[in-house]
2 protein chains.
Amino acid sequence: MNHHKEVTIYDIAKTLNISAATVSRGLKDHPAISKNTKKRIIEAAKAMGYRSNTFASNLRRQRTNTIGIIVPRLNSTFMSDVIAGMEKIVNDAGYNLIISQSLESVEKEIKNAATMFNNRVDGLLVSLAYNTENINHFSQFIKKGIPLIFFDRVYEHPACPTIVINNYKAGYEITSHLIEQGCKDIMHISGSQLRNVYLQRCKGYKDALADHGIPFKNNNLIINNLSATEATQTAHQILSMPDRPDGIFAANDTCAVSCMIELRKHGVRIPDDIAFAGFNNDPISQIVEPNLTTVDYKGNEMGAVAARTLIGHLNGNFDFLLTNTLMLRHELIIRESSLKKEMFYEQ
Amino acid sequence: MNHHKEVTIYDIAKTLNISAATVSRGLKDHPAISKNTKKRIIEAAKAMGYRSNTFASNLRRQRTNTIGIIVPRLNSTFMSDVIAGMEKIVNDAGYNLIISQSLESVEKEIKNAATMFNNRVDGLLVSLAYNTENINHFSQFIKKGIPLIFFDRVYEHPACPTIVINNYKAGYEITSHLIEQGCKDIMHISGSQLRNVYLQRCKGYKDALADHGIPFKNNNLIINNLSATEATQTAHQILSMPDRPDGIFAANDTCAVSCMIELRKHGVRIPDDIAFAGFNNDPISQIVEPNLTTVDYKGNEMGAVAARTLIGHLNGNFDFLLTNTLMLRHELIIRESSLKKEMFYEQ
DNA sequence: AGTTCAATCGCAATCGGTTGCATAAAGAAA
DNA sequence: TTTCTTTATGCAACCGATTGCGATTGAACT
């Protein structure tokens with residue numbers, strides 16, 4: 001029952017008594033085909049229920065019209081937005097999308113890259129897994145001249161444009177905010193320093209301390225995987241500290257929230273004893289009590305920009321090589337978890 | 001720089017002085033090729049950096065080896081798990097995946113379906129958008145005999161297997177639980193009754209009431225889109241009711257949480273004044289205070305089962321036609337938001 | 001009438017695997 | 001040695017769209 005035969009350009013050609021070449025050109029709006037013939041072709045195609053065979057076309061043109069995406073996870077509002085943003089641009093440009101998640105593991109990332117390569121994607125958009133140390137698994141793309149663009153969790157490589165926010169500045173701002181609120185002993189919970197996002201936020205944190213004359217203490221920098229589980233462990237670590245910090249800046253909201261909740265369970269008052277700040281503006285940041293101060297940035301935009309850059313390249317627009325890094329804006333969102341001073345009220 | 005020419009089976013054939021047909025068969029582990037020749041072919045292929053051209057293969061075999069997925073959104077732990085589950089099965093079976101989100105809109109769902117159709121997916125896995133009323137946009141697949149499987153948010157059609165949980169039973173159980181906790185006036189917040197998941201949970205709710213001798217009140221059934229925004233509005237609606245309910249069962253956690261938070265802001269005590277229950281076991285259900293009673297079910301499993309069913313069909317295994325509906329297990333997770341009785345303590 | 005030129009359109013090769021059928025080689029049975 | 005099977009491999013025709021190049025046609029121009 002599966003084999004209703006598809007109509008091809010040859011069928012259309014036969015019906016109209018013209019050649020398949022003309023049909024092909026007509027369908028593609030080729031200038032050498034007369035207005036009238038084009039109309040007849042298009043009408044016949046519709047009437048006969050023709051649909052182009054992508055594979056024949058791809059085979060002949062040596063292009064797949066497909067773009068690959070590899071992300072750590074799909075289950076965040078942020079990533080979902082990123083992908084929605086990419087989808088729109090990419091579809092409008094007539095490309096298709098293959099999406100896969102590395103689930104934060106290099107091994108899976110390598111497999112995914114191989115799959116993408118074998119599927120001959122025309123270009124690749126990547127946000128790196130937690131523990132990826134090098135991009136050897138992507139070198140096959142670079143060697144073949146297949147455009148590779150990193151976003152958010154990027155890797156600096158002369159051949160690869162990157163789309164990011166100013167993580168350094170955001171880290172600096174949020175730390176400065178905590179200092180302004182009166183914190184003098186601020187802890188930072190960060191993730192793998194292999195990832196630019198965490199490394200830069202951490203640098204911003206350190207520089208903000210320095211610029212405000214606060215010495216950096218090694219004990220105040222904790223690196224974990226930023227999961228809820230490890231955040232809870234970190235909370236216990238903090239509880240057992242002789243002098244607890246009076247402010248905590250966690251590199252993502254999941255970590256901030258779980259840590260904060262655990263501390264509260266053990267009698268720590270937020271923000272009075274410890275002020276809190278996270279990163280990402282996840283929905284949970286507005287649900288947890290007290291609401292979490294955080295940094296917001298637009299996934300939709302980042303996805304759209306990344307996709308546009310890639311498609312620009314595929315169309316032979318090499319401008320972006322000059323601007324190797326595209327930096328998008330972010331916004332500090334101040335909520336109760338960090339408001340120690342009574343003077344700040346919103347009506 | 002893009003045009004390092006690819007090595008083909010013809011290149012391998014020439015190198016080994018055999019025919020391309022033999023190379024093709026050797027690579028596919030065809031039984032008619034001798035052990036020795038196979039080894040030589042595989043080694044040569046690796047040495048020469050050969051990669052199969054999917055398009056040539058697809059064109060000839062009239063199959064794409066691609067499976068399409070259409071979901072409402074990607075940004076939930078549940079959907080992310082579902083897709084991870086599908087990915088594993090599907091990759092292991094040698095298929096590729098095209099994923100797209102309808103963003104809860106029929107229009108986008110229709111577009112996505114068209115894209116999938118034009119890409120000639122071998123099969124399709126679908127969870128319907130919020131307001132989809134019919135599946136005309138999928139009839140093209142059914143007509144062509146392309147297997148179509150619905151999961152979670154399904155549509156009953158003789159040609160389409162469905163993968164679900166027992167939403168009716170879950171709704172019944174959670175309502176019964178609220179009743180056992182002493183609730184006598186239970187409200188249910190549900191979503192579009194076009195979607196089985198909400199309709200069935202609602203039926204379970206009604207039947208549980210009836211079986212416990214509690215009359216159903218029309219005012220106690222509220223239908224909204226289950227978003228945070230509308231949940232907050234619903235909260236205000238509840239605040240203005242002359243007799244407020246003493247228990248609320250919301251059809252998802254997002255709605256339950258937002259509604260609960262808004263009520264608390266206005267002095268409603270949870271669970272004492274109003275007991276709360278949600279659905280899905282989202283991460284927020286463990287973050288909100290008090291922790292939310294909810295229903296858990298495994299996305300990974302659902303994804304894997306759906307994918308396995310589809311691939312079974314593609315391989316000509318028609319068994320599943322007998323079992324048109326596959327029902328997976330779920331679990332009631334009781335937390336503080338619904339524990340009115342003091343007798344329940346966990347150490 | 002003879003030429004020129006632009007507008008249209010067709011021929012046929014090509015992209016790289018796949019597969020039914022024929023063939024060849026090697027071993028088994030007679 | 002002859003004949004019948006197996007076992008391995010090659011031939012060549014696909015799959016359907018694309019495109020360089022050449023052919024045709026009719027109109028415009030000398």
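Letters go in sequence order (proteins before strands), and every chain restarts at 1. All values below were derived from every heavy atom in this structure, side-chain atoms included, with hydrogens, water molecules and symmetry-related copies excluded.
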Could you tell me whether a side-chain N or O of A:Thr66 sits under 3.5 Å from a main-chain N or O of A:Thr64, the two making a donor and an acceptor?
yes

Side-chain donor-acceptor pair present, B:Tyr155, B:Arg195, cut-off under 3.5 Å:
no

With heavy atoms under 4.0 Å as the rule, sort B:Ile18 into base, sugar-phosphate or nothing.
sugar-phosphate

Can a salt bridge be assigned to the pair B:Arg51 and B:Glu6 using a cut-off of 4.0 Å between side-chain N and carboxylate O?
yes

OP1 or OP2 of C:dT18 sitting under 4.0 Å from any side-chain N/O of B:Ser57?
yes

Any donor-acceptor pair under 3.5 Å linking the side chain of A:Asp11 with the backbone of A:Thr8?
yes

Hey, which of these two, A:Ala21 or A:Gln62, hits DNA chain C nearer its 5' end, going by closest nucleotide?
A:Ala21

Closest-nucleotide 5' rank along DNA chain D - winner of A:Thr22 and B:Val23:
B:Val23

Rounded to the nearest angstrom, tell me the gap between atom NZ in B:Lys39 and atom P in D:dA8.
16 Å

Between D:dC14 (C1') and A:Asn53 (CG): distance, integer Å:
13 Å

Test: B:Lys111 and A:Glu87 ion pair at under 4.0 Å:
no

Using a cut-off of 4.0 Å on non-hydrogen atoms, how would the nucleic acid contact of A:Ile33 be classed: base, sugar-phosphate, or nothing?
sugar-phosphate

Can you check the B:Asn36 CG to D:dA8 C1' distance for me, whole Å?
12 Å

Would you say A:Ser19 places a side-chain N or O within less than 4.0 Å of OP1 or OP2 belonging to C:dC9?
no

Pick the closest DNA chain C nucleotide for A:Asn17 and for A:Leu59 by heavy atoms, then say which residue is nearer the 5' end.
A:Asn17

A:Asp11 CG to D:dA17 C1', in whole Å, measures 13 Å

Whole angstrom is fine here: how far is it from CG in A:Leu27 over to P in D:dT18?
8 Å

Looking at A:Glu43 and A:Lys38, does any basic side-chain N land under 4.0 Å from a carboxylate oxygen?
no

Which part of the nucleic acid does A:Thr54 contact within heavy-atom distance under 4.0 Å: base, sugar-phosphate only, or nothing?
nothing

Does B:Ser52 make a side-chain N or O approach to OP1 or OP2 of C:dG16 shorter than 4.0 Å?
no

Please determine whether any donor N or O and acceptor N or O are separated by less than 3.5 Å between the side chain of A:Arg25 and the base of C:dG10.
yes

Assign A:Tyr10 to base, sugar-phosphate, or nothing according to its heavy-atom contacts below 4.0 angstrom with the strands shown.
base

NA contact type, B:Thr8, heavy-atom cut-off 4.0 Å: base, sugar-phosphate, or nothing?
sugar-phosphate

For the side chain of A:Arg60 and the base of D:dG20, is some donor closer than 3.5 Å to an acceptor across the two?
no

Could you check how far NZ of A:Lys28 sits from P of C:dC9, rounded to whole Å?
18 Å

To the nearest Å, give me how far apart CG (B:Asn58) and P (D:dA17) are.
14 Å

Quick one: is A:Tyr50 getting a side-chain N or O under 4.0 Å of the D:dA17 phosphate, OP1 or OP2?
yes

Any B:Ser24 side-chain N or O less than 4.0 Å from OP1/OP2 of C:dT18:
yes

C:dG17 C1' sits how many Å from B:Asn65 CG, rounded?
13 Å

